[in-house]
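Some notes on the structure that comes next.
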Protein chains: 2
Amino acid sequence: MISEVRKKATLAQEAAVAAGRLSTAQKNDALLAIANALLTRQEEILEANAVDLKNGRENGTSTSLLDRLALNSERIAGIAEGLRQIVELPDPVGEELQSIQRPNGLDIVQIRVPLGVIGMIYEARPNVTVDAAGLCLKTGNCVVLRGGSAALESNRKIVEIMRDALSGTALPQDAVQLIEDSDRASVNEMLKLNGLLDVVIPRGGASLIRNVVENATVPVIETGAGICHVFVDASANPGMAAEIAFNGKVQRPSVCNSIETLLVDASYSSEQLQALIARMAEANVEFRGCERTLALLPGTRAATEEDYATEYNDYILNVRIVDGLDEALGHIRRYGTKHSECIVTENADNAERFLHEVDAAAVYHNASTRFTDGFEFGFGAEIGISTQKLHARGPMGLPALTSTKFRIIGNGQVRG
Amino acid sequence: MISEVRKKATLAQEAAVAAGRLSTAQKNDALLAIANALLTRQEEILEANAVDLKNGRENGTSTSLLDRLALNSERIAGIAEGLRQIVELPDPVGEELQSIQRPNGLDIVQIRVPLGVIGMIYEARPNVTVDAAGLCLKTGNCVVLRGGSAALESNRKIVEIMRDALSGTALPQDAVQLIEDSDRASVNEMLKLNGLLDVVIPRGGASLIRNVVENATVPVIETGAGICHVFVDASANPGMAAEIAFNGKVQRPSVCNSIETLLVDASYSSEQLQALIARMAEANVEFRGCERTLALLPGTRAATEEDYATEYNDYILNVRIVDGLDEALGHIRRYGTKHSECIVTENADNAERFLHEVDAAAVYHNASTRFTDGFEFGFGAEIGISTQKLHARGPMGLPALTSTKFRIIGNGQVRG
């Protein structure tokens with residue numbers, strides 16, 4: 001018997017032919033129809049969400065997870081508004097990337113085309129269900145959604161509403177599929193569905209992403225882990241260094257572009273460093289220090305190798321004093337995850353070396369790593385932040401959900 | 001004990017820091033040094049190659065494989081000339097792809113950077129050893145080469161010469177590594193070397209590529225299979241249709257951009273079709289036909305489902321008569337490998353529908369599919385033809401061997 005995963009991916013693959021052909025206006029109409037339907041039928045969504053929340057409480061789900069799971073009128077309005085913002089974005093499909101005239105008269109144009117069918121594997125938040133579907137549909141793709149089991153009732157209702165809304169539009173209903181089988185095996189089946197899924201995008205915690213990367217034969221766009229650093233160079237402006245480090249750690253520690261380790265040049269003012277640390281301590285940051293840091297701040301816990309390699313996502317910061325730029329670069333090479341890295345310095349040569357030599361999706365001179373984000377970069381929407389080097393790196397806007405095609409027009413040319 | 005694969009990949013990863021920093025001139029100097037050394041030391045290469053050929057003959061290797069394996073003065077001169085051509089190509093590293101000024105004063109520039117370390121897994125021809133290394137080094141990457149065991153002695157000598165030549169240049173010798181362990185396990189170890197290899201590129205037959213795609217956790221750029229079609233529409237110019245179909249099948253049947261199936265509109269002149277088939281038959285093409293083709297050409301063997309799904313790479317052609325464009329599109333959707341597809345027609349609407357609706361790396365109107373090739377597209381070199389949709393699709397020039405990086409320059413900006 002054909003599995004749910006294969007059946008729905010096949011339907012999506014069939015729908016992809018029609019979806020890829022639609023005009024921007026037709027796709028936007030479909031997105032607006034979904035946005036309206038989510039608002040009109042929000043009571044149904046809230047009822048389904050209440051079931052998820054009740055199940056969650058009975059299963060002892062943590063308060064923070066329940067909070068992420070919970071929907072209300074305001075959140076649903078935000079989700080619908082997100083779709084309207086996607087409508088406003090330019091459609092990358094059809095964009096000409098290069099145009100080549102060959103001496104033999106061949107006319108070659110490379111254009112953006114949809115990827116086809118995108119598998120999204122994600123965790124609790126039901127807003128991702130709409131958000132991901134919206135981004136995929138805008139780019140002419142179909143989507144097979146596999147959300148976390150904790151949000152199953154909410155996702156089922158949301159997808160039902162999205163598919164109902166599509167019935168009045170040019171976009172086939174089968175462009176949006178939800179895998180309801182909450183067994184882990186359904187994820188693993190998706191990962192091997194070459195020929196039916198064109199790409200899989202995992203969004204979630206480290207273990208979810210690791211499972212996808214390790215087991216997928218379908219191409220993957222990896223998003224995720226960020227062990228980011230701020231290096232305060234000897235010549236750093238102390239006020240600026242303090243603001244950037246504080247912002248990197250404290251403004252929102254739970255996200256991937258926050259910092260985990262502060263590297264400080266040994267020549268940097270120890271008073272300034274102590275002041276910065278005192279300010280962070282007031283904001284409830286705990287520290288792990290290298291030996292020299294411990295001498296400066298007695299009573300601090302020593303940083304281990306494992307600490308330097310940990311994405312805390314929490315109010316914890318490693319502090320390491322280094323002898324100059326090269327030692328800082330070496331530390332980042334060893335422990336960084338190639339996400340976002342920052343140097344604070346007034347020394348132009350050191351800034352240029354840092355920007356040139358650090359291998360990361362985003363390298364900063366005198367600005368917070370927290371800016372690594374599709375909205376902050378002006379892309380207007382974000383599928384996620386790619387931490388891989390192929391296809392897309394860093395914040396991914398709509399073009400990351402496209403492939404390309406060469407259109408070649410001749411008048412009978414053959415190869416000699 | 002640390003394996004050969006891990007040891008050499010680690011050396012390459014360490015060398016990648018320096019390789020990525022070099023100027024175009026420094027990289028070109030290194031490539032020219034290699035080209036010169038290969039010519040100067042060609043006797044050593046020929047001696048090593050003679051050992052491979054002797055071993056091959058003793059092991060009963062086929063004549064065609066021995067031919068691909070064999071080097072001579074002329075072939076070595078061709079390999080060195082290939083490096084000189086790579087020197088002439090523009091260096092994509094450092095190219096600005098976008099420049100964004102944000103209202104908060106952040107200056108964001110996206111530039112091309114090397115991928116890092118590229119694993120190449122390939123089969124017999126020793127010219128790939130130099131060719132692949134040249135393309136990787138030009139783009140600031142390091143390379144871990146794993147050639148076929150049949151060419152081990154040749155590859156060992158070639159890599160020794162390349163590394164010796166690098167010793168007089170700015171490029172570290174460790175930028176080029178050869179895996180000498182000819183056990184299949186060394187390939188499988190490469191495929192799981194996340195963190196040390198940034199990408200793996202397989203070049204070779206279907207089973208080599210399948211093994212890589214199915215087992216790699218490192219990102220892969222898939223190259224390879226091509227089941228390509230020519231569709232002769234009702235309005236096709238018969239002379240043009242005949243030339244394009246003939247060229248697609250006969251000019252070089254062994255390559256991925258040759259055609260396997262000819263689709264012909266039922267309204268197309270049966271005399272013209274018969275003439276075309278007669279011409280191909282003279283060129284020793286065998287046919288597999290659909291029912292209607294068999295009625296036209298009694299004695300032809302019937303085409304099976306499996307035939308339509310086979311990349312013959314040989315003088316064999318399926319011929320299928322279809323009722324119009326939609327049936328042709330359906331056939332291509334079902335059996336094509338999304339490589340190169342062609343319509344021959346004088347009907348502009350049908351041409352546009354074909355170019356728009358066929359999902360393939362290259363779609364042609366009135367030109368041979370044999371043009372899907374980096375040199376023919378004017379890229380000047382080719383790593384291979386990507387048959388995947390992520391990162392690169394179709395013929396891959398040097399930019400396909402790069403990633404990108406966002407450089408962000410601020411004056412103390414933090415996120416609110």
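Order of the sequence lines sets the chain letters (A, B, ...), proteins ahead of strands, with each chain counted from 1.
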Select one option (side chain, backbone, both, neither) describing which atoms of [X] are under 4.5 Å from chain A's heavy atoms.
X       : result
A216(B) : backbone
V199(B) : side chain
A361(B) : backbone
V358(B) : backbone
N194(B) : side chain
E341(B) : neither
V414(B) : both
V220(B) : backbone
R407(B) : both
E243(B) : both

Name the option with the most non-hydrogen atom pairs under 4.5 Å to chain B; the candidates are [options].
options                            : value
D373(A), L329(A), T402(A), N237(A) : D373(A)
T217(A), L115(A), N247(A)          : N247(A)
S403(A), A367(A), G416(A)          : S403(A)

Tell me, out of [options], who's got the most heavy-atom pairs with chain A below 4.5 Å.
options                            : value
P395(B), C342(B), G412(B)          : G412(B)
H391(B), Q110(B), K338(B), M240(B) : H391(B)
G20(B), G394(B), A360(B)           : A360(B)
Q251(B), K192(B), Q388(B)          : Q251(B)
H365(B), E214(B), R252(B), E222(B) : H365(B)
V113(B), T369(B), V213(B), V344(B) : V213(B)

Within the 4.5 Å heavy-atom criterion, are [X] and [Y] side-chain neighbours or not?
X       : Y       : value
R333(A) : V17(B)  : yes
N366(B) : I409(A) : no
L390(A) : I221(B) : yes

Closer than 3.5 angstrom, by distance alone: can the side chain of [X] be matched with the main-chain N or O of [Y] as a donor-acceptor pair?
X       : Y       : value
R393(A) : T404(B) : yes
K389(B) : P114(A) : no
R370(A) : R415(B) : no

What is the distance from atom [atom1] of [X] to atom [atom2] of [Y], rounded to the nearest 0.5 Å?
X       : Y       : atom1 : atom2 : answer
R21(B)  : E357(A) : CZ    : CD    : 3.5 Å
L355(A) : I111(B) : CG    : CD1   : 9.0 Å
F377(B) : I108(A) : CZ    : CD1   : 4.5 Å

Which atoms of Q98(A) approach chain B - backbone, side chain, both or neither, heavy atom under 4.5 Å: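 Q98(A) touches chain B through side-chain heavy atoms alone.
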